[in-house]
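Given the structure is predicted, the values throughout are model-derived calculations rather than measurements.
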Amino acid sequence: MGKINVLDKFTAEKIAAGEVVERPASVIKELVENAIDAGATTVTVEIKDGGTTYMRVADNGSGMDKDDARTAFLRHATSKIKTDKDLEHIMTLGFRGEALCSIAAVSRTELFTKQKTSDEGTHVVVEGGEEKVFEGAGCPDGTTIIVKNLFFNTPARMKFLKKDSVEASTVTDVCNKQALSHPDVSIRLIRDGKDVLFSPGDNTLKNAVHAVYGKDIANSTASVDYAKNGIRVFGLTGKNNLSRPNRLMQVFFINGRFVVNKTLLAAVSEAYKNELMVGRFPVCILNVEMDPSLVDVNVHPGKTEVKFASEQDVYEAAYWAVKNALTQVAAPREVGVFKNKEAFKMPITIKSAEQISFTKPKAEVKKSAFTPYTPPKEAPKPKPAPLTKNEIREEVKGFDGKLPVREIEGIKNINVTEEKPLPKEEKIDFSAEIKEAVLKAQATEKPESVLDVKVIGQLFDTYILAEGDGEFFLMDQHAAHERIRYEQIRKNGYKTDTQLLLMPITVTLTPGEKTLALERSELLLSMGFEIEEFGANSMVLRSLPADCPFEEGEGLFIELLDVLSGGEPGEISAMLDKAIYTIACRSAIKAHQKLSLPELEKLYAEASALEGITTCPHGRPITVKLTKYQIEKMFGRIV
């Protein structure tokens with residue numbers, strides 16, 4: 001008997017469903033795309049428990065009649081294409097006819113649909129691929145699909161789902177991208193009873209960006225509209241004062257379909273060359289409109305990867321579209337504090353006749369009708385008798401109290417020992433970058449240097465020069481301080497001191513970043529970030545790690561979230577190490593920063609006290625040396 005078996009229908013459908021339905025976000029993506037293809041102008045998405053137990057997508061599209069409502073659950077049933085030739089001219093988001101069948105195979109799916117011309121709608125229930133209910137029903141125009149208990153009949157696949165908060169963030173990301181790709185469609189997302197997203201659907205991309213990313217990012221973008229070689233690129237791109245430490249806000253669409261494409265990424269990066277600092281990436285939402293026969297969207301099961309007939313033409317169109325937009329808005333960068341010019345205007349208007357003139361003769365200046373207020377005269381107060389020496393001693397007393405300190409939960413308060421004040425010779429005005437990362441009670445004395453050297457000075461405001469015992473040393477001040485900070489934070493249990501902010505920092509995040517920040521809030525707090533949820537897509541930073549410059553707080557926080565996102569089992573230790581040396585790098589002394597001689601000596605002594613450590617956390621050397629023999633050899637004193 002042969003070994004090859006033909007799988008039954010239900011087993012084959014469960015296997016095939018895995019290519020389309022990987023997680024709740026896959027279901028939402030397919031259903032929202034179907035709604036848009038049906039001509040809907042409003043789409044409502046509702047999820048519970050990250051979408052694992054309940055998902056609902058309702059639209060006001062064309063709807064289906066009774067026959068189509070039953071046929072839609074069959075595999076490869078679609079209204080988008082009829083023959084293989086239609087694959088060369090795909091303009092719809094869906095076309096394979098696998099989504100509804102795959103979803104129904106691994107869940108309990110309900111369908112309510114009605115056409116505008118019909119008096120009655122249709123209700124269909126399919127559970128695990130089997131039809132349970134097919135009947136007429138009263139329902140609004142359009143289509144509503146409810147998906148319950150995803151993967152209830154495939155428990156092995158359910159084990160691969162992540163936390164509800166993570167699954168919900170991926171659903172939010174899908175809805176955000178649909179709102180950006182179709183600003184003419186109003187998309188609303190309800191997560192566990194709360195509105196997370198509501199795009200206006202007024203066909204204005206900037207308003208859609210406002211709904212997804214917030215007002216600040218929407219107002220810092222420039223319009224893009226350029227056509228070349230039959231390819232049109234339009235959308236929005238960030239001005240040179242808008243950047244992020246990652247590419248999560250670089251969104252690309254091909255004929256309205258979200259894609260991930262290296263050609264477009266390279267074109268945008270090249271257009272922003274010399275516009276942004278190294279390590280910073282622009283924000284852009286670009287839609288590429290082109291002949292569908294010149295792009296193959298049937299490459300990836302998720303339809304996020306495409307192939308172009310001419311990569312060069314797409315590259316050039318995207319490059320010049322962004323480059324021209326940047327050229328048109330080229331201007332000196334604005335300082336955020338002074339953007340609101342209205343706040344600095346006079347609250348009253350002074351008439352020209354009442355203004356003081358410094359050029360006209362005194363006789364020509366009209367007398368102002370304004371009469372200034374003159375306080376009434378008071379009787380002179382008797383002068384107090386002078387205090388005696390003993391009375392002065394009683395009046396002048398030392399301040400024994402302590403300044404009020406706001407305590408942060410989870411962070412150890414800094415204890416300043418009054419019994420052991422710093423000696424006068426150490427009361428030097430050190431910069432914030434020089435001060436110790438963790439102020440411990442026993443760290444009041446300057447560490448002893450391992451080498452008996454004399455610090456000479458600073459070279460190029462970057463390197464510390466020192467000599468001793470027939471050797472000459474060059475120490476990289478940034479690498480040295482970065483290593484010191486790293487070791488201090490690591491030995492302190494991955495905790496760092498915190499500086500409270502007088503002016504909190506508002507950070508705009510993607511759904512995934514925000515979910516991660518809330519999940520790792522305790523770890524972030526121990527690393528110096530006190531965070532607070534602020535709106536649908538923002539967080540507020542109430543504090544930063546000690547010595548971290550205020551202007552680098554937002555970038556460090558987002559960069560830290562990237563690092564913490566890789567915390568898989570077995571990688572926690574490496575993740576924490578990378579996180580603290582990221583903090584150490586941002587808060588360490590920078591190159592080209594002038595230091596006084598006492599600061600140089602303190603830094604050199606602390607770095608020399610790190611026995612057996614010769615590199616910074618990134619692997620760059622801290623110190624290099626030249627011996628007296630090598631120097632004399634270079635000058636020809638020794639042959």
Side-chain angles (χ1 to χ4, degrees), residues 173 176-184 199-200 202-290 304 306 308 311-334 336 339 507-510 513 537-538 554-555 558:
D173 190 55
N176 286 345
K177 289 181 170 60
Q178 295 294 349
L180 295 174
S181 62
H182 295 84
D184 57 328
S199 63
D202 58 356
N203 203 24
T204 304
L205 180 57
K206 184 160 285 193
N207 291 341
V209 173
H210 188 171
V212 174
Y213 293 138
K215 177 181 68 174
D216 292 340
I217 289 182
N219 291 339
S220 299
T221 56
S223 297
V224 176
D225 198 343
Y226 178 80
K228 184 179 181 181
N229 298 327
I231 300 172
R232 181 189 174 210
V233 180
F234 61 95
L236 296 172
T237 191
K239 299 177 184 178
N240 57 9
N241 62 345
L242 177 63
S243 64
R244 285 175 56 86
N246 54 42
R247 290 190 173 94
L248 294 181
M249 287 189 183
Q250 293 183 7
V251 189
F252 302 101
F253 306 100
I254 303 294
N255 294 333
R257 183 194 309 279
F258 171 73
V259 296
V260 179
N261 187 263
K262 294 181 179 179
T263 301
L264 295 173
L265 283 172
V268 172
S269 298
E270 188 65 23
Y272 275 90
K273 195 173 182 179
N274 301 325
E275 291 284 342
L276 301 177
M277 294 176 59
V278 176
R280 304 292 298 183
F281 301 95
V283 173
C284 64
I285 301 94
L286 299 179
N287 199 334
V288 180
E289 199 175 71
M290 60 189 302
T304 56
V306 296
F308 298 112
E311 299 275 351
Q312 186 62 32
D313 288 346
V314 175
Y315 177 91
E316 290 182 3
Y319 171 82
W320 287 112
V322 175
K323 196 70 175 177
N324 290 343
L326 290 176
T327 303
Q328 292 174 5
V329 297
R333 303 191 182 191
E334 297 179 2
K339 282 184 178 179
V507 184
T508 302
L509 303 174
T510 63
E513 289 173 336
N537 51 14
S538 300
E554 178 181 354
I558 297 176

- Item | Reported CZ-to-CG distance for the pair R247 and L265, which is rounded to 0.5 angstrom | 6.0 Å
- Does some side-chain heavy atom of V224 sit less than 4.5 Å from a side-chain heavy atom of L286? yes
- To the nearest 0.5 Å, what is the distance between NZ (K239) and CG (N219)? 8.0 Å
- NZ on K262 to OH on Y315, rounded to 0.5 Å: 15.0 Å
- Task: Starting from the C-alpha separation in whole Å, work towards a yes-or-no answer on side chain to side chain contact (heavy atoms under 4.5 Å, CB included) for Q312 and E316.
- Result: CA-CA 6 Å; Q312 186 62 32; E316 290 182 3; 3.1 Å; yes
- Shortest non-hydrogen contact from N255 toward E289: OD1-CA, 3.4 Å
- Query: Can you find a heavy atom in the side chain of F258 that is under 4.5 Å from one in the side chain of L180?
  - Reply: no
- Message: Are the side chains of L276 and F281 in contact, using a 4.5 Å heavy-atom criterion?
- Response: no
- Query: Just wondering, do V212 and N537 contact through their side chains at under 4.5 Å, heavy atoms?
  - Reply: no
- Rounded to the nearest 0.5 Å, what separation is found between the OG1 atom of T510 and the CG atom of N246? 7.0 Å
- Query: Going from CD on E311 to OG1 on T263, what distance comes out if it is rounded to the nearest 0.5 angstrom?
  - Reply: 3.5 Å
- Worked verdict on Y213 versus V251 for side chain to side chain contact (heavy atoms under 4.5 Å, CB included): CA-CA 12 Å; Y213 293 138; V251 189; 3.7 Å; yes
- Would you check if D225 and R232 make a side-chain contact, meaning some heavy-atom pair closer than 4.5 Å? yes
- Note on the structure: Nearest heavy-atom approach of P245 to G555 is CG-O, 3.9 Å
- Can I254 and L264 be said to form a side chain to side chain contact (heavy atoms under 4.5 Å, CB included), step by step? CA-CA 10 Å; I254 303 294; L264 295 173; 4.1 Å; yes
- Message: Can you give me the closest heavy-atom contact between A267 and A318, atom names plus distance?
- Response: CB-CB, 3.8 Å
- Heavy atoms only: give me the nearest A222-A325 pair and the separation to one decimal. CB-O, 4.4 Å
- Message: Is there a side-chain contact between Y226 and V322 in this structure, where contact means two heavy atoms from C-beta onward sitting under 4.5 Å apart?
- Response: no
- If you look at every heavy atom in M249 and L509, which pair is closest and at what distance? CE-C, 4.2 Å
- Task: Can you measure from CD1 (I217) to CG (L236) and round to the nearest 0.5 angstrom?
- Result: 11.5 Å
- Message: Within the structure provided, determine whether D313 and M290 are in side-chain contact (heavy-atom separation under 4.5 Å).
- Response: no
- Query: If you take all heavy atoms of I231 and A317, which pair is closest and at what distance?
  - Reply: CG2-CB, 4.0 Å
- May I ask you to test the F234-L205 pair for a side-chain heavy-atom distance under 4.5 Å? no
